[in-house]
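Below is one structure, written out as structure tokens, with a few remarks after it.
Both ligands and their constituent atoms are indexed starting at 1 by order of listing.
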Amino acid sequence: MAGSPAPKSLAWYLAQVPDFPEAPPPQRVQLPKDGSAPFWFRVPTDQKVAFITIDDGGLARPPAVVDFIREAHIPVTMFLNSPAAAEHTPYFKQIEAAGGVVENHTITHTSLKGRPYAFQKHEICGAADKLEQLFGKRPTLFRPPFGNRDATTLKAAYDCGMKAVFHWTETVNEGIVRYQTPTKVVKPGEVLLMHFRPALMDDLLAALKAIHRSGLTPVLLEDYVG
Ligand SMILES: [Zn+2]
């Protein structure tokens, strides 16, 4: 068909991005003042918004993702392992320039739960220090690898300057959204997790469609927390 974009081209992805309702003015959430970072599966907000997060960074970095995020104005938060960020800094800087924000996902991507404070603090502060050095801005949000955490994690995160620790509600992989509940709806404040994997273009598109079907608008996590 003349004029229709080739399947899986950037134009093909862009043509499928839904039109979202305008995002409401963001209401920043209250943070506890008890010397520990809060642990959240979702952002405590009733606003009709959802959040897209992309983790890790070492496995795959599809080049088209940079253009997709820029052209479609997709708000993304990147929870990066600091060695992957160091090895591929220009790629993540391009996403940053397109509106993405770099946050903290430890150095070695090891499970923190049950480990001593010094170990956990090294993983969290060490990654924050490196990411600050690479990107000129210190992360303020933390995602523990595999979502595994304990009270020590939340204390260490706080001591490293992290304002909140995030789990997720939906995961997206190979272009398929997986929900944590039988109701296949993204609810206000929920956080979608995907990874820097080969199918990230499909994952981003699937997330956008799921958020749109649910009557929500994707917005930047850092406009609410951090
Ligand atoms: Zn991870």
### Query
Checking only N/O/S atoms, does D56 have one that is under 2.8 Å from the Zn ion (ligand 1)?
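Yes.
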### Query
From H195, does some N, O or S atom reach closer than 2.8 Å to the Zn ion (ligand 1)?
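Checking the Zn ion (ligand 1) against H195, no N, O or S atom falls under 2.8 Å.
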### Message
So if I apply the ring-ring contact (aromatic ring centres under 6.0 Å, His included) rule between F92 and each of F196, F135, F79, which one comes out positive?
### Response
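When F196, F135, F79 are each tested with F92, the ring-ring contact (aromatic ring centres under 6.0 Å, His included) holds only for F196.
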### Message
If we ignore hydrogens and angles and just use 3.5 Å, is the side chain of E123 paired with the main-chain N or O of T106 as donor and acceptor?
### Response
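Answer holds: no.
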### Task
Just say parallel, tilted or perpendicular for the rings of H167 and F39, cut-offs at 30° and 60°.
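Rings of H167 and F39: perpendicular, as their planes differ by over 60°.
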#### Entry: Angle subtended at the Zn ion (ligand 1) by NE2 of H105 and NE2 of H109, nearest 10°
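Roughly 100°, rounded to 10°.
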### Task
Using distance alone, with no hydrogens and no angle criterion, decide if T45 and Q27 have a side-chain donor and acceptor under 3.5 Å apart.
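T45 vs Q27: no donor-acceptor pair found between side chains.
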